Enquirer: 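Please see the structure below; I have some questions.
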Amino acid sequence: FNVPVRPLMFMDSPEDERTKLVSCLGAFRQYWSTLPQESHDQCVQWIVRFIHSQHSPKRISFLYDCLAMAVETSLLPPRMVCQALMSSDSLEWERTQLWALTFKLIRKIIGGVDYKGVRDLLKAVMDKIQTVPNFMSSAVVQQLLAAREVVEYILDRNACLLPAYFAVTEIRKLYPEGMLSHWLLGSLISDFVDSFRPTARINSICGRCNLLPVVNNSGAICNSWKLDPTTLRFPLRGMLPYDKDLFEPQTGLLRYVLEQPYSRDMVCNMLGLNKQTLNIAQHKQRCPVLEDQLVDLVVYAMERSETEEQFDDGGTSQLLWQHLSSQLIFFVLFQFASFPHMVLSLHQKLAGRGLIKGRDHLMWVLLQFISGSIQKNALADFLPVMKLFDLLYPEKECIPVPDINKPQSTHAFAMTCIWIHLNRKAQNDNSKLQIPIPHSLKLHHDLPMTDYKIALLCNAYSTNSECFTLPMGVLVETIYGNGSMRITLPGTNCMASGSVTPLPMNLLDSLTVHAKMSLIHSIATRVIKLAHAKTSLALAPALVETYSRLLVYMEIESLGIKGFISQLLPNVFKSHAWGILHTLLEMFSYRMHHIQPHYRVQLLSHLHSLAAVPQTNQNQLHLCVESTALRLITALGSSEVQPQFTRFLNDPKTVLSAESEELNRALILTLARATHVTDFFTGSDSIQGTWCKDILQTIMNSAIKFAFFKQNNVPQESRFNLKKNVEEEYRKWKSMTVENDIITHFSMQGSPPLFLCLLWKMLLETDHINQIGFRVLERIGARALVAHVRTFADFLVYEFSTSAGGQQLNKCIEILNDMVWKYNIVTLDRLILCLAMRSHEGNEAQVCYFIIQLLLLKPNDFRNRVSDFVKENAPEHWLQSDWHTKHMTYHKKYPEKLYFEGLAEQVNPPIQLHLQYLPIYFGNVCLRFLPVFDIVIHRFLELLPVSKSLETLLDHLGGLYKFHDRPVTYLYNTLHYYERHLRDRTNLKRKLVHAIMSSLKDNRTPGWCLSETYLKCAMNPRDDNVWIPDDTYYCKSPGPFPNCDWRFNEFPNPAAHALHVTCVELMALAVPGKDVGNALLNVVLKSQPLVPRENITAWMNAIGLVITALPEPYWIVLHDRIVSVISSAVLSSETEWVGYPFQLLDFTACHRSYSEMHCSYILALAHAVWHHSSIGQLSLIPKFLSEVLKPIVKTEFQLLYVYHLVGPFLQRFQQERTRCMLEIGVAFYEMLQAVDQHSKHLAYMDPICDFLYHIKYMFTGDSVKDQVERIICSLRPAMRLRLRFITHISKMEPAAAASTATSVPQSSSVSSPAAQSGAGPS
């Protein structure tokens, strides 16, 4: 470059400095104007290189003055100059004078650099400072401090060169948590970072590390519990100095979840582990932190075993080992954990501990995995187990053989079985490695063949087909039943293979997973083979019951329930093996537990397509398909509905029935209940196109046109039309004479579905039905008959409404009863379901429910069936070996007649029927009626005048709930969904709880559900003197609940059980929801002797869990408490406040120092409640902020309180309901505006602005810019200056105005305060 700077070297005359600068600059300006734009950068860099090559400090100083003047006169852009200076290789701390002069120049001109440039310079300056060594002469320190002054100026909040939020981000990247800053910067950096502690606190949930979920509760599926899969830390937003405990790995949380039965899906959700990657080799998602926790859990189980005397009593230790083995198999199988790593880690953690009482159980857990995977993996993977053996089996002499008649003896042989598998593998691989049997296991290994238990043989030789076939064959033969022996099943002409005693659960428990998989595979293969063979002989009852039992083992899911739904059912259907199909549906209805929702919805979809096949149009199968579908629909858990049904929006036919109006109504009732219980729509008036509305819309618009949507409000005259049409058809019936014409006319497709009405009239007038009536019924067919039942239900309501009462009424009910029990024209459950699902209003609805009551209670037929069934049977089918005998006894006494047999006998002459019933293994009219009864109770609750009838029904039939598969869940859903209806009907509420809970009293241990206090005080009806519980009642924690086998429980784990029974009891109290909610809050807000101070966050966690699982009136009282705190003098009057607000709002620290205040208690409690809330419940917050809190917030303390309250939940709103997040963002600015106008002085402007920048860069981006720009312009100057980067309002200098005009990206890609896009806060 021919730059006119060269002559400067010779300008040493005593002319005035200023003149020299001006003339020099003039020459440079001329030269600069000739340069093309793209060379500017290069030119400035050259100038800097030239200056840095000088040795005279005076000359360098003069040239720097020139540069400064060029910048001041807007000749050179300040950013370009600063960047060129910082990037120069010559800028080293050893050249102290150059260092000092350079940083003085930067300090002088940096004010004109735009805020992103300042951010980059801060990073560059701090990087340069890092090059200064820790030890040096004190003489040069003074010169080096110039760099510190630049940093100090950049960080000066009053200078406001950049958002402080950008600065803290750069600092935290260079000096992460726990790392000290450079000595040259002194306390400057730590003080600046500390100034962000309030912002971090505003974004933190109080006591978050102590909050725990209930596994499988609806709140547990949300984002609140996610952890980083490599560090187990909370995913915190922004590079803020959060409290230390939030940066710790949350091992306690993961461990707690892992300990819970049925928690594996939640663990995968928390850690973002994806099961789909199993087959993709490169996607191995090994998760070492998960491995560590599984190992720690095993060590914990070993410690527990040291103190427990008994093992095989179903105690906690046995349940823990059972659960551990299931978890281990799942996580190792899907390669989230590595088996060899875990075994070595176990060895390390158990070494020197002397824990050997649980060694057999540990080896049993390891055997589960080894036996199933040794054939597919290298021998070396399993050898670490031998190291563990040396540690845990130190005996020199032989270990005695246990009593092998006890199921748990299989655990004692586990190590020997492992050794046999390892040896077998070594032989197969021709490995040189020979593993001689250890002397201590000699007796176990040489046990004489005769004493071998079959299970032991299966476990030891499951990888050796020669030795395995025999014991597995014996096992299988005992349940298949010898072909020559036959037994009868209910109904006519139905025979089955002769084995009736299933394999007991403790035998199945004592088989390894590998052996269980072989067994279930063998059963499924056999069933498919029999289906292909079209044999008329039904499966042995023992086989069906054993298969059902095997399906509860989660660890064999792929061959178990997955194979059942995706292979067995389709195969059986393809083979048209209707008997086996009926069997499988019965199993699903009466024997399945904890089946994942996607399998259930898949089956429902299968059933709907099945219902349309011509072959299923026979009475028994049609009834079974509809009854199974009804169970599937009504049994969907509230939190399961939305995730499952969103998948079907594009093709709703999969979850809707093409012909059963009742099933579709049941589906709508289930949707309504689910959205209410999970509060899905709460506060979401503004949310368009939500999934449930879409489903309802799809039902309405679907090609499947349902009559009931058109007839929702049936006009009055159609009742008369119905009467007229029935009379018309009846006249035809009487006047027609040719039998074939009559049969054709009344059974023709498309003819009005009035035939049951005609039969009713025949019985009313002539007391008998002729043979043609039977033929017509037969010809109509099962599927078409349902429409006749529907019309008949409407006709009955009309008939009963107009009957004169007395004798005529008795006659009507007698005929109706005969149609069900004497002539077997329609089954009771089908008729009641149709009646309950009709949409009658007012008086007609009462008549309809009156008919239901008469049908169920007036004649003894059904009552006797219920009382005998309840008396003779127990619901714990998994413990029974004689279910089949009791089942047959019941069916002999009360045979099921599904093909109009009664009518065939009564006609003249009687008709001989040649039927073959499909096999019935579990069902009967009482069990089929249960899901219908669920619906009947709900329908009765909707109509106030029939309360008394419902109480009567519960008195007589409530005992059936002993066999309900989810009685507490049903009660919980009912009390929750019908809270408004039951609010003032305390007697009915009590009756409902009493009927359902007392039905189970003989089958549950005392204290399993309702507390003693409740049973004593609330169960006795006293209208005059209602029991109002006191504070101590609410403070008593429920339980401890008795241990049980969670595999067969309605709940997956003890916490889910505890939560539901607690909520049921609270909703059952004769106290308004508001009072119960307040009493729950008072458990921690008032000083309670029963609530220890040191566990306060655990109590808050429990209250959060319970109160969010209750209906809205219970939890909405928290909003009132928040309002009263914000309105209190402490926050509303600026003079009352003592101390630093951020300290007082730090609940944990205050609590430890006994200095907490009421406002911090409310804050911590609100956080606990909202942390457990569903997104629906949280969606009320924006409205609460804008309508309730905004008008009262006038002081800075109130504003900070609101920020602390809501700040931590913005992340969840962003992930689950973005609109709410944006509304909250705007509300925060509006409140700030009110405070700004109301307050003379603002003491905490910086934390407030830091928080608002955090919201912008982490959550909203520019999405709310238009709404907040106006507000920021109206704020006081100091606040406006600090917030200018949000709106890009110019600073006074024109240069800054130009440079700050750059915009920040939209919220879809929220701009990060980091210099490089990838390096922003995670």
Side-chain angles (χ1 to χ4, degrees), residues 68 71-72 78-79 81-83 85-86 99-129 142 144-175 181-200 239-241 1241-1254 1256-1257 1272 1275-1293 1295-1297 1299-1300 1313 1315:
V71 169
E72 281 159 15
R79 182 172 181 172
V81 173
C82 289
Q83 278 172 343
L85 289 168
M86 286 312 301
W99 175 281
L101 289 168
T102 305
F103 283 111
K104 275 185 182 136
L105 173 61
I106 291 174
R107 164 74 180 78
K108 195 171 180 184
I109 63 174
I110 198 170
V113 178
D114 66 283
Y115 69 102
K116 289 184 180 174
V118 175
R119 185 251 326 264
D120 298 340
L121 285 171
L122 173 65
K123 184 179 185 318
V125 173
M126 291 198 299
D127 287 343
K128 275 285 186 229
I129 289 175
Q142 204 49 44
L144 297 178
L145 284 176
R148 177 199 158 110
E149 280 163 26
V150 173
V151 175
E152 196 167 357
Y153 182 46
I154 292 175
L155 300 185
D156 180 0
R157 287 172 176 277
N158 292 321
C160 208
L161 298 182
L162 81 169
Y165 193 79
F166 273 16
V168 83
T169 302
E170 291 308 325
I171 290 169
R172 300 280 290 170
K173 277 196 289 185
L174 190 58
Y175 306 118
S181 60
H182 194 277
W183 61 267
L184 191 61
L185 295 170
S187 62
L188 180 65
I189 293 292
S190 56
D191 290 347
F192 184 75
V193 169
D194 279 346
S195 73
F196 271 84
R197 292 205 185 276
T199 311
M239 308 286 271
L240 297 174
H1241 174 66
L1242 291 181
Y1244 302 105
M1245 274 193 289
D1246 291 330
I1248 289 170
C1249 295
D1250 293 341
F1251 175 56
L1252 295 175
Y1253 276 111
H1254 175 74
K1256 173 184 166 76
Y1257 289 114
I1272 292 174
L1275 300 174
R1276 64 190 66 197
M1279 189 66 97
R1280 212 163 50 232
L1281 176 71
R1282 282 165 169 73
L1283 292 174
R1284 70 197 175 95
F1285 305 109
I1286 287 180
T1287 59
H1288 312 300
I1289 302 168
S1290 66
K1291 219 175 162 189
M1292 296 312 117
E1293 300 87 6
S1299 64
T1300 52

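Given the structure is predicted, the values throughout are model-derived calculations rather than measurements. Atoms considered below: every heavy atom in the structure, side chains included; atoms not considered: hydrogens, waters and symmetry mates.
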Enquirer: Could you walk me through whether Val151 and Ile129 pass side-chain contact (heavy atoms from CB on, under 4.5 Å), step by step?
Expert: CA-CA 10 Å; Val151 175; Ile129 289 175; 4.0 Å; yes
Enquirer: Looking at side-chain heavy atoms only, is the closest gap between Phe196 and Arg172 below 4.5 Å?
Expert: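 The answer is no, as the side chains (C-beta and beyond) never meet within the 4.5 Å cut-off.
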Enquirer: What are the two closest non-hydrogen atoms of Ala147 and Val125, and how far apart are they?
Expert: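 Minimum heavy-atom contact is O-CG1, 4.1 Å.
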Enquirer: Give me the atom names and distance for the closest heavy-atom approach of Arg1282 to Cys1249.
Expert: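 So the minimum-distance heavy-atom pair works out to CB-SG, 3.7 Å.
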Enquirer: Does Phe103 form a side-chain contact (heavy atoms from CB on, under 4.5 Å) with Lys108? I'd like the steps, not just the answer.
Expert: CA-CA 8 Å; Phe103 283 111; Lys108 195 171 180 184; over 6 Å; no
Enquirer: So, using side chain to side chain donor-acceptor pair (under 3.5 Å) as the criterion, who are the partners of Arg157 when residues are at least two apart?
Expert: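 For Arg157, the residues satisfying side chain to side chain donor-acceptor pair (under 3.5 Å) (neighbours in sequence not counted) are Ser195, Asp1250.
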Enquirer: So, for Cys82 and Ile106, which heavy atoms are closest and what is the spacing to 0.1 Å?
Expert: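 Minimum heavy-atom contact is SG-CG2, 4.3 Å.
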Enquirer: Apply side-chain contact (heavy atoms from CB on, under 4.5 Å) to Phe1285 and Phe166, showing your working.
Expert: CA-CA 11 Å; Phe1285 305 109; Phe166 273 16; over 6 Å; no
Enquirer: Start with the C-alpha distance between Leu185 and Tyr175, add both sets of side-chain angles, then the distance that settles side-chain contact (heavy atoms from CB on, under 4.5 Å), and finish with yes or no.
Expert: CA-CA 12 Å; Leu185 295 170; Tyr175 306 118; 3.9 Å; yes
Enquirer: Kindly compute the distance separating CZ (Arg107) from CD (Glu152), expressed to the nearest 0.5 Å.
Expert: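 Reported to 0.5 Å precision, the distance equals 9.0 Å.
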Enquirer: Give, for atom OG1 of Thr169 and atom NE2 of His1254, the distance between the pair rounded to the nearest 0.5 Å.
Expert: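 Between atom OG1 of Thr169 and atom NE2 of His1254 there are 10.0 Å.
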Enquirer: Any carboxylate oxygen within less than 4.0 angstrom of a Lys/Arg side-chain nitrogen, looking at Arg197 and Asp194?
Expert: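 Looking at Arg197 and Asp194, the cut-off is met.
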Enquirer: If you take all heavy atoms of Leu161 and Gly111, which pair is closest and at what distance?
Expert: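 Looks like CD2-CA, 3.9 Å.
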Enquirer: Hey, can you tell me if Tyr1257 and Tyr165 have their rings parallel, tilted or perpendicular (30° and 60° cut-offs)?
Expert: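 Ring orientation, 0 to 90° scale: parallel.
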Enquirer: Quick one: list whatever passes salt bridge (Lys or Arg N to Asp or Glu O under 4.0 Å) with Asp156, sequence neighbours left out.
Expert: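 Asp156 satisfies salt bridge (Lys or Arg N to Asp or Glu O under 4.0 Å) with no residue once adjacent residues are dropped.
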Enquirer: Going from CG on Leu155 to CD1 on Ile189, what distance comes out if it is rounded to the nearest 0.5 angstrom?
Expert: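 Those atoms lie 5.5 Å apart.
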Enquirer: Is there a side-chain contact between Pro198 and Tyr1244 (heavy atoms, below 4.5 Å)?
Expert: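 Pro198 vs Tyr1244: side chains apart.
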Enquirer: Does any part of the side chain of Ile1248, heavy atoms only, come nearer than 4.5 Å to the side chain of Leu1242, both counted from C-beta?
Expert: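 Of all side-chain heavy-atom pairs linking Ile1248 with Leu1242, none is under 4.5 Å.
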Enquirer: Nearest 0.5 angstrom please: Leu240 CG to Thr199 OG1, how far?
Expert: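 One gets 6.5 Å once the value is rounded to the nearest 0.5 Å.
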Enquirer: On a heavy-atom basis, which atom in Leu122 and which in Glu170 lie closest, and how many Å separate them?
Expert: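 Closest approach of Leu122 to Glu170: CD2-CB, 4.3 Å.
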Enquirer: With a 3.5 Å distance limit and no angle check, can you tell me whether Arg79 reaches the backbone of Asp114 through a side-chain donor-acceptor pair?
Expert: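 Not confirmed, Arg79 side chain does not pair with Asp114 backbone.
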Enquirer: I need the Asp127 CG to Leu121 CG distance, nearest 0.5 Å.
Expert: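 That separation rounds to 11.5 Å.
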Enquirer: Of the non-hydrogen atoms in Tyr153 and Ala159, which two are nearest, and what is the gap between them?
Expert: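 Residues Tyr153 and Ala159, closest heavy atoms: CE1-CB, 3.7 Å.
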Enquirer: Rounded to the nearest 0.5 Å, what separates atom CZ in Arg1276 from atom CE in Met1279?
Expert: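 The CE atom of Met1279 is 7.0 Å from CZ of Arg1276, to the nearest 0.5 Å.
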Enquirer: For the residue pair Met239 and Val168, establish whether any side-chain heavy-atom pair is separated by less than 4.5 Å.
Expert: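 Met239 does not reach Val168 side chain to side chain.
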